[in-house]
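Starting from 1, each residue takes its place in the sequence as its number.
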Amino acid sequence: MKYLLYTVVLLMFFSFRDDESPKTIDNKGNERKFSQFIVEDADTREEAQMIDKHMRAQAGVFMSRMDNNSRKYLILHNSHYSYDQAYFTETFQKLGFTIKCYREGIYGVDKIIDQKLDCE
């Protein structure tokens, strides 16, 4: 009886364990990547919300965050799509902004840093 109880407890432990945190692969087998940069001239909350709304509507985007106080931008996206520095430079230029201090990496593998306005 005691062994049965231990077995049940172990099975419960392994069934609730989360081995995929943070999740680097989406449900279609594609890697999740991140891109981060500073958005120049985006100073208002409305501009930050407009950027987030626009970027969240793009295919393969999991998360978009723009902070209007620090002008820092972070996006998580599917690696299957061609989201690179050239894409973001062009897209943000169309929205009326320029970007600097571009970084990218694999989500859950590479470190997302606290970027400084002077790109250090």
(request) Start with the C-alpha distance between R65 and D52, add both sets of side-chain angles, then the distance that settles salt bridge (charged side-chain N to carboxylate O under 4.0 Å, His left out), and finish with yes or no. (result) CA-CA 6 Å; R65 296 285 187 272; D52 279 337; 6.0 Å; no

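- Residue I99 is grouped with residue Y83 when hydrophobic side chains (ILVMFWY) are merged at heavy-atom distances under 4.5 angstrom, including chains of intermediate members.
- Residues that satisfy the ring pair (Phe, Tyr, Trp, His ring centres under 6.0 Å) test with F92, not counting sequence neighbours, are F37, Y73.
- Minimum interatomic distance between S64 and R56 (heavy atoms only, all atoms of both residues): O-NH2, 2.8 Å.
- In this structure, CG in L95 is found 11.0 Å from CD in E90, a value given to the nearest 0.5 Å.
- Between Q115 atom CD and R71 atom CZ the span is 12.0 Å, to the nearest 0.5 Å.
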(message) Determine whether Q49 and R45 satisfy the following criterion, side chain to side chain contact (heavy atoms under 4.5 Å, CB included), listing intermediate values before the conclusion.
(response) CA-CA 6 Å; Q49 290 173 335; R45 182 174 183 203; 3.3 Å; yes

(message) Between S35 and Y102, does the side chain to side chain donor-acceptor pair (under 3.5 Å) criterion hold? Intermediate values first, please.
(response) CA-CA 7 Å; S35 297; Y102 181 84; 3.1 Å; yes

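- Atom CD1 of residue I75 and atom CE of residue M63 lie 8.0 Å apart, to the nearest 0.5 angstrom.
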(message) Does F34 form a side chain to side chain contact (heavy atoms under 4.5 Å, CB included) with K111? I'd like the steps, not just the answer.
(response) CA-CA 10 Å; F34 70 87; K111 187 175 181 179; over 6 Å; no

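- With contacts defined as side-chain heavy-atom distances shorter than 4.5 Å, the pair V61/Y81 does not qualify.
- Cluster membership for L74 and V39, using ILVMFWY side-chain heavy atoms within less than 4.5 angstrom, is not shared.
- Note that NE2 of H54 is 5.5 Å distant from OG1 of T91, once rounded to the nearest 0.5 Å.
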(request) Show your working on side chain to side chain contact (heavy atoms under 4.5 Å, CB included) between R32 and F62 and close with a plain yes or no. (result) CA-CA 9 Å; R32 290 183 180 207; F62 299 111; 3.5 Å; yes

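- Side-chain atoms of E47 come within 3.5 Å of backbone N or O of T44 as a donor-acceptor pair.
- Here the side chains of K33 and L76 are not in contact, with every heavy-atom distance at 4.5 Å or above.
- To the nearest 0.5 Å, the span separating CD1 on I38 from CG on D67 amounts to 9.5 Å.
- Using a 4.5 Å heavy-atom threshold, the side chains of H77 and Y87 count as separate.
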(request) Could you walk me through whether Q85 and R103 pass side chain to side chain contact (heavy atoms under 4.5 Å, CB included), step by step? (result) CA-CA 8 Å; Q85 186 171 3; R103 290 186 72 248; over 6 Å; no

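- A salt bridge links K72 to D114: at least one charged side-chain nitrogen sits closer than 4.0 Å to a carboxylate oxygen.
- Within 6.0 Å of NZ in K53 there are 12 or fewer heavy atoms belonging to other residues, nucleotides or ligands.
- Taking CZ of F88 as the reference point, atom CD of E104 lies at 8.5 Å (rounded to 0.5 Å).
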